[in-house]
Amino acid sequence: MKDIDYMKLALTLAEQTRGQTSPNPMVGSVVVKDGAIVGMGAHLKAGEGHAEVNALKMAGEKAEGATIYVTLEPCSHYGKTPPCADLIIEKQLKRVVVATVDPNPEVSGRGIKRLRDSGITVDVGVCEAEAIELNRMFFHFIQTKRPFVTMKTASTLDGKTATVTGESKWITGEEARLDVHRDRHIHDAILVGIGTVLSDNPALTTRLPNGGRNPIRIILDRHLRLPESSQVACDQAAKTWVFTTEHASSEKEEALRMLGVDVIRLRDYSIPSILKELGKRRVMTLYVEGGQEVNGSFIKERAVNQVITYVAPKMIGGKNAPTSVGGEGIPSINQALELQVIDVVQVGQDIKITSLVKEG
Ligand code: AOF
Ligand code: ZN
């Protein structure tokens, strides 16, 4: 096997941990000695051992003189765990193959430098594009201190999210709805507007055949209208954070707090300051499940990194039937939010389009 094959194996190990390492990246590692794999590992959870630590534990004595493949530069800092670069030096590996540099300002090249300074051969850039793509969300978070925002919409082929009478249930099929739950599972937080809570009373939990992780439920609620009887306020299934303004009622705040809801008052109630606060609270990935108004505000602020669109092969028409994005709208095509489609798949009868928002 060649370098590229071992690195692909390390990337596969990392990929399997999607959704469970936040706010840390997904990282995989393989240790090879005399053409045999002697250790493999992935970083499973923030606060626990890094990929190299797990792979080297498996390799034991065989690590000496071996080559280690890592999908991200070995760290050089004391975070929740000690530096991996030091462990690699201590275990006397001969060569380190790295897919890409760690953009974390605490690392960013220092891990590689430390290894090279101690006489270890370090090769950087094997499967680099795949490694960057794998951790796109972590890279965004560590560089901007804001969550990576994915906006999800579901509409008919003629672009409608509900009928003229407001019926919006079951636009997409069962498979697409299951797919949404898979995406909820891998996100730290899910966000909706108070309008969605008042009209649908959603649980916003992850319901997959084998369980699943519930994202933090975030409600944008300027006037603190969230009913104490709503599922997100009282079912205790997951954390609920409500963003509101300084003017909201203190009694209502107290009542919601008694139910375990976290009420966050912002002096500057805006999408950018909400994202800043979420970044501070270590939310790395945010899944925006809309409401027309909320989607409109995110588009207006250009605060979206990725869009996932489900399109159902149905037509309902109606001049006044809603579409996914409300608000004032962008007046001119040359100011449109430009997207690049990166994936198109059919999910049951529906089509899932994943697009990245072009930078700049
Ligand atoms: C690695 N291997 O498997 C991971 C790395 O708080 P800590 O100690 O877990 O450090 C977290 C930072 O370490 C994280 O932000 C990222 O820069 C790096 N993650 N590094 O060498 C790994 N998960
Ligand atoms: Zn490390």
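One-based numbering, in listed order, for ligands and for the atoms of each. All values below were derived from every heavy atom in this structure, side-chain atoms included, with hydrogens, water molecules and symmetry-related copies excluded.
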Protein residues that have a heavy atom under 4.0 Å from any atom of ligand 1, sorted by chain and number: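 Only Asn24, Pro25, Val27, His43, His50, Ala51, Glu52, Glu73, Pro74, Cys75, His77, Gly79, Lys80, Thr81, Cys84, Asp102, Asn104, Phe138 have heavy atoms that fall under 4.0 Å of ligand 1, ordered by chain and number.
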Side-chain ion pair, Arg177 and Asp350, N-O less than 4.0 Å: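 The answer is no: the pair does not qualify as a salt bridge.
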Pairing of Arg184 and Glu289 as salt bridge, 4.0 angstrom limit: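 Judged by the 4.0 Å cut-off on N to carboxylate O distance, Arg184 and Glu289 do form a salt bridge.
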Three-point angle Cys84:SG, the Zn ion (ligand 2), Cys75:SG, rounded to the nearest 10°: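 Between SG of Cys84 and SG of Cys75, at the Zn ion (ligand 2), the angle is about 120°.
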same_hphob_cluster(Val304, Ile218) at 4.5 Å side-chain heavy-atom cutoff: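 Same hydrophobic cluster.
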Side-chain donor/acceptor of Thr156 to backbone N/O of Met315, under 3.5 Å: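 No: the side chain of Thr156 does not pair with the backbone of Met315.
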Lys252 side chain to Leu226 backbone, donor-acceptor under 3.5 Å: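 Here the side-chain-to-backbone pair exists.
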Heavy-atom side-chain proximity of Trp170 to Lys314 below 4.5 angstrom: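 Answer no - side chains too far apart.
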Heteroatom of His50 nearest to the Zn ion (ligand 2) (N, O or S, atom name):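 His50's closest N, O or S atom to the Zn ion (ligand 2) is named ND1.
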Parallel, tilted or perpendicular, as decided by the 30° and 60° cut-offs, for the rings of Tyr287 and His187: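 Because their plane-to-plane angle lies in the 30° to 60° range, the rings of His187 and Tyr287 count as tilted.
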